[in-house]
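Letters A, B, ... mirror the listed sequences (proteins, then strands); counts begin at 1. What you are looking at is a predicted structure, and each value in this text was computed from that prediction instead of being measured. Atoms considered below: every heavy atom in the structure, side chains included; atoms not considered: hydrogens, waters and symmetry mates.
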Amino acid sequence: MSPEQKPDSLMTAEGLRFDGRRPDEMRPIQMEVGVLKTADGSASIRQGKTYILAAVYGPRELHPRHLTLNDRAYLRVVYRMATFSVPDRKRPAPSRREREISMVIANALQPALFLEEFPKAVVDVFIQVIQADGGTRCAAINAASLALADAGIPMKSLVPSVAVGKAEGTLIVDLGDEEDKYGQGDVPMAILPNTNELTLLQQDGSFTREELVEAIEMGVNACRYLHELQKDALKRAYSKRATEEDDDEEDEEYDDDLETDLGEADIMEDE
Amino acid sequence: MSPEQKPDSLMTAEGLRFDGRRPDEMRPIQMEVGVLKTADGSASIRQGKTYILAAVYGPRELHPRHLTLNDRAYLRVVYRMATFSVPDRKRPAPSRREREISMVIANALQPALFLEEFPKAVVDVFIQVIQADGGTRCAAINAASLALADAGIPMKSLVPSVAVGKAEGTLIVDLGDEEDKYGQGDVPMAILPNTNELTLLQQDGSFTREELVEAIEMGVNACRYLHELQKDALKRAYSKRATEEDDDEEDEEYDDDLETDLGEADIMEDE
Amino acid sequence: MSPEQKPDSLMTAEGLRFDGRRPDEMRPIQMEVGVLKTADGSASIRQGKTYILAAVYGPRELHPRHLTLNDRAYLRVVYRMATFSVPDRKRPAPSRREREISMVIANALQPALFLEEFPKAVVDVFIQVIQADGGTRCAAINAASLALADAGIPMKSLVPSVAVGKAEGTLIVDLGDEEDKYGQGDVPMAILPNTNELTLLQQDGSFTREELVEAIEMGVNACRYLHELQKDALKRAYSKRATEEDDDEEDEEYDDDLETDLGEADIMEDE
Amino acid sequence: MGDFSAEVISHIDRNYIADILSKGERVDGRQFGEYRPLEIEPSPVAAKAEGSAIVRLGGTSVVAGVKVLTGEPYPDTPDEGVVMVTAELAPIASPLFELGPPKEDAIELARVVDRGVRESESVDVHKLCIEPGKKVYMIFCDIYTLEYDGNLIDASSIAANAALLGTKYPEQKLEDGKLVETGKMLELPLKNMAIEHTVSKIGSHLVIDPHLKEEMVQDCRLTMAIDQNDNFTAMQKGGGKGPMSLEMIDNAMGMALESTKEIRELIRESMKDAE
Amino acid sequence: MGDFSAEVISHIDRNYIADILSKGERVDGRQFGEYRPLEIEPSPVAAKAEGSAIVRLGGTSVVAGVKVLTGEPYPDTPDEGVVMVTAELAPIASPLFELGPPKEDAIELARVVDRGVRESESVDVHKLCIEPGKKVYMIFCDIYTLEYDGNLIDASSIAANAALLGTKYPEQKLEDGKLVETGKMLELPLKNMAIEHTVSKIGSHLVIDPHLKEEMVQDCRLTMAIDQNDNFTAMQKGGGKGPMSLEMIDNAMGMALESTKEIRELIRESMKDAE
Amino acid sequence: MGDFSAEVISHIDRNYIADILSKGERVDGRQFGEYRPLEIEPSPVAAKAEGSAIVRLGGTSVVAGVKVLTGEPYPDTPDEGVVMVTAELAPIASPLFELGPPKEDAIELARVVDRGVRESESVDVHKLCIEPGKKVYMIFCDIYTLEYDGNLIDASSIAANAALLGTKYPEQKLEDGKLVETGKMLELPLKNMAIEHTVSKIGSHLVIDPHLKEEMVQDCRLTMAIDQNDNFTAMQKGGGKGPMSLEMIDNAMGMALESTKEIRELIRESMKDAE
């Protein structure tokens, strides 16, 4: 692609953003559960032009064995970007950045999971970025926690995630590519919705202590909204499957099992 | 070396090839069995200027163990080109192409072998290209199947192999480097001589269905001729060893064992 | 750094060296034992501007197991240069040269060790070059053998090491960077001081047989001097620790144990 | 693909599949010469890639993306651009994924798909020259498997062709040694659109577009790239160690020739919709 | 750092450390907001590196060295030099060393320290330009851990800043396409000196500059880079899977702000001595 | 070579070999200072490599090939060409072959042979300059082991020297920034032809050109490169951990000096036949 142009200004005179959004307005978001038949659980997310798929395999036996944990399952996250997902072609081999983000995502998801129910096993979370237009690590967490629920991994709750940034002195939510690149900073975070505690927090750019506190508050609010979208996506998948099962003339008992399969039982109880 | 010159024409007005051969004429071929003392079986082939050595080790215990097959021996083929075997210096590390050809050769040889006689073991076929002047994968198969016989691996038959190509509309057998590079296509193949079935078939360039059928027929004929050469080479090695044994004043009983050692018993019976 | 200048001459008219040393004079040397708290044994050496740290871990269980030796401990030496230790920035990944020197150092140290006392175990010797100004492999051996003693590994003796070179026809001891680079040759060696036998011997440059014999004799003498410095360093560490122990009001019995810990018992007996 | 899986499939499956083939049927009810439903989603990566497509072939799906870069030509072909096709079994598609270097299967997938495009000279590399010996366009087409239910090679070949067909990129020229955009948008010079077709041999039967279960029990497969003039431009026998007679190879060629036009048409239609 | 060790520490230790924290004490007697003794040895690699420092933070020590090279700028930033910071857990520092590729911990160490320097724009990369689009200075700051007793990130950040502050290198200019030295010595254009501070969360407690034993039982840590104007220029929650409330994060920021000036002052003093 | 094998050889062999050495005999009947039969096949790769040779030293055989390329000189040696020698234990030669990165033995083989050629400045690199600072000849000599029956280093060194001696390549010159052939064929400027000789120490005995069985029980070996003026140009003690006295080293030098002329002569004769 021809190199992106730096916009003249990221904020308009009216206090709106470059793409017309209000400072606290998120991009259009679509999340879908159960999109990959090969996986035990899966989800897709489109957040603005960002497009990501997540698949979960497991819990299952872990190879190589020396990675085995005796008191819980090992959560293995692999975050990969397609070569064509970014303006310049990314090299095919996994970069250090991809490996670091894989680790950061694992840390963000882990507090929500009951991994101690599966000692010595592994739960694999594979994330493929198809198109990257800002906020990929946060969008990946949103999709991955849906895929974990879809795979029936026991969870305290889903994990919503968003980035808050700063452009021309204004705090803004859910950065697009240009805001990420030409803005004054970026604060990606993820929360446990039942306690509002943060499981992911990173920052770059330049912020005062007061700005950071305000940014985190904005992010937590946006995460609570995202959490509602996540639950909706899960319910849609759930009722779609229930309908499909009905079409196949299965009896109603099946629904309970399905609920368990989706890991929703746990999720619903928590809230 | 200075870059090779593209010949003005690959075919003469008289219907002969660039190097004077008829379309169905092969290059001079020398095969020799038992050329490497370190190996359990070995062979060399000189086909035109192509020069290749093959060594077989095994059957023996396989490391690492996770590659072990429960119902048969694992056939491990490693095809390597010397850095100086090609016009430009090849990089020393094995290329993707070398690894693909290793796999293709393994697939071509496997149908001829009774690997199920050695469950959990490995049979190693190591191939070193000393000089590459076209048709290396086919020449490598010719030499490797001799080395397997020399190592006493039980076989249905030897596996002869040749490439058929096209130059200025004419189908030609056993391409040299220039014909490979400047011709219109290349169809390497290998056969089981007792059934004429193909164990290797690849193609590039552009052919009609009819041309391909004709090319395969030409190749099968050439393979039958090559098979005779292979058997001759095996017999020469056999009688040479028998003679050497005689010189050492061994009694005649030894011949039978030798035959078994050479894997010839099986081969001769099949034809 | 700006590239080093080649000195006009490595030897003065008075027969002194470029930096004022006599041909058989070593650079100022400081060795210190027990400098790294994390390691089981450690030592530092400053030899001219060369600055090296060595750490020893073990004997301990070896991973991966397939490297295990049934009759003795495996001596694993890892020699690494800091990227900034040389005039141009060294690439961070270990080079072939670093791996070769690791092996050479292991061979130089091994004859002095009673590794058969710890079958199936590993003794790790990790060497970090902080600043390289000539003679790093020899300085590394001097430090590593002190670190081994500090770790209490049973030893026949310490292993002193030095390089002898040639500049403008004169044999010179303990080369600096310029003498190494612009001189006529380099003969690094290491000895067992109780027998004067060589455990390391390499050479480059050009020498007659007679020059080599003389060079080795000079080197052995320098090694004997170095061995005294090594023993002093070990004694200093020993008495310092004893004092510290006294300060902690430990009783005197402790000294004996300490001696054993330092591996000095063996060393002292041998000489 | 197929070989490693052969280890895990049960003998019952093997017999079952062979049995119904003898009755003229396939596991999913298809005819021997019938392709699975083929769906092409044009340009799913429109904001970042010059061309892209998602292909769904039954339960198998892949995404292909094309990047158009510029660079110096190879010294021995100063007036030719560069085309490179890679294909990767992405972790999300594979329950057997292990974090390591590419396996033989993955190498074969990548090389067979790449050869299908390059040997058929689908893209006219001479038209990718900006200034001979100085600057050319470099076309990278990268394919990721998303769902794996058999016949990855065909799905990948179709996706590559669709993505290349839909590729648009800004024309550039050299001015005072620097590349500048002319403002014009170009399409890729696709002259030949060869599509790969895979026929699987199971016992004495040949089936086209093998299902994963069929791949698991197959003797071998024959993959053929066929261009718009019904010429064969690449061929690879793989996927197992079973030998194949000339008669069977001829039959497989016939089966592939029959389905090629329809698939090529579907690609053209799908990508036209995208504009 | 911390996570893998969590496997080996005993429950007794875990309870002991939590217990004494409840009594307002730490394993080594420090206050919750108290740094360990910090020692900076200036220029230990003076003969080969343009800048260097050894930092001892309690029982943790690291060495940083700076090389100043020249090279071509990146095409998209033709008037900017390049700064790169790496950090490595050298074998000598680690009883758990295994000969293999860098582990997640090591990758995080390197990236957090690098980001602390680069995101805070400590070095004015525009002043590292020799000739726009042609030649710039390239600054490599590499850090090796020598002793590991907790809080490698802060020690490494301090060492990087000290080494960069003490860096001197010959000025170069382009003459007829060749670089020549002008004879003048330059210092690095350090405009912002952001220092990283790590606060560890253990149960309901926050402690600054965690000791190795504290890292082993921590829920997580928060690392913050703070510049000379008290702005936060980088932040990373890591070192474990424990979540953190906003209130705790705010408290951690307060603790870091308190110690930042003193440490920055100590770096400046130490490196001044070196001249 | 030798060290790893020491694990597998039986004590019976060890004693047997020591025993017969005490009687002044060797396993294959040679004198202590006697080389095995040496055969050199000139130019087996004449169609693709500028120089090549196969060397058979008893049951050990290796092939060496030389490629002459052109490229830019290193900035610090603008008027010197480049010579690089590599040596590899090819899979076909090694029953102990494991598909992995080079082991210590292989690294030592490569480096000792390379050093033997380079340290002795066998090739006059100044005569490999086409245009100072712009273009030089780059000589790659790569060696593959074909049969392994002891003393790979000497066989490789002899093969490298033979291949380099037989190397012929077209002269090139720079015209308008492009390399063109002058039509003249050049030989490599070999000024010094240093050959490596290995002496093995077994107990109190020294033997030259060790057989594989001797390598397996040796205490260590000393490899010496000796040039045509009887100067030692490289030396490496390796192949085991046994120490060696100065007296023994001196004896080993004597043994090597004795055989060097004959071998050098044989190389010259063999390669002359090739023309």
salt_bridge(Asp88(B), Lys67(F)) N-O dist < 4.0 Å: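 Salt bridge absent between Asp88(B) and Lys67(F).
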Lys48(F)/Asp177(B) salt bridge by N-O under 4.0 Å criterion: yes
Tell me, side chain or backbone of [X] under 4.5 Å from chain B's heavy atoms, or both, or neither?
X         : answer
Glu88(F)  : side chain
Asp142(F) : both
Tyr144(F) : side chain
Thr60(F)  : neither

Part of Ala147(B) lying under 4.5 Å from any heavy atom of chain F: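 Interface part for Ala147(B): neither.
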Of the listed residues ([options]), which shares the most heavy-atom pairs with chain F below a 4.5 Å separation?
options                        : value
Ala132(B), Ala54(B), Pro92(B)  : Ala132(B)
Ala93(B), Ser85(B), Ala39(B)   : Ser85(B)
Ile127(B), Thr83(B), Ile130(B) : Thr83(B)

Neighbour count above 12 (heavy atom, 6.0 Å) for Glu32(B) CD: no
Atom CD of Glu25(B): over 12 foreign heavy atoms under 6.0 Å: yes
Derivation of the side chain to side chain contact (heavy atoms under 4.5 Å, CB included) call for Leu69(F) and Arg89(B): CA-CA 8 Å; Leu69(F) 309 179; Arg89(B) 178 171 184 263; 4.1 Å; yes
Residue-level contacts of residues 42-50 of chain B with chain F, using a heavy-atom cutoff under 4.5 Å: Arg46(B), Lys49(B)
Closest heavy-atom pair and its distance - Gln128(B), Ala90(F): OE1-CB, 3.6 Å
Heavy-atom pair of closest approach, residues Tyr51(B) and Pro44(F):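 Here Tyr51(B) and Pro44(F) meet closest at CD2-O, 4.2 Å.
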Main-chain N/O of Tyr148(F) paired with Thr38(B) side-chain donor or acceptor, under 3.5 Å: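 Between the backbone of Tyr148(F) and the side chain of Thr38(B) there is a qualifying donor-acceptor contact (under 3.5 Å).
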Sole residue of Val56(B), Leu53(B), Val125(B) in side-chain contact (heavy atoms from CB on, under 4.5 Å) with Ile92(F):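 Looking at Val56(B), Leu53(B), Val125(B), the match for Ile92(F) under the side-chain contact (heavy atoms from CB on, under 4.5 Å) is Leu53(B).
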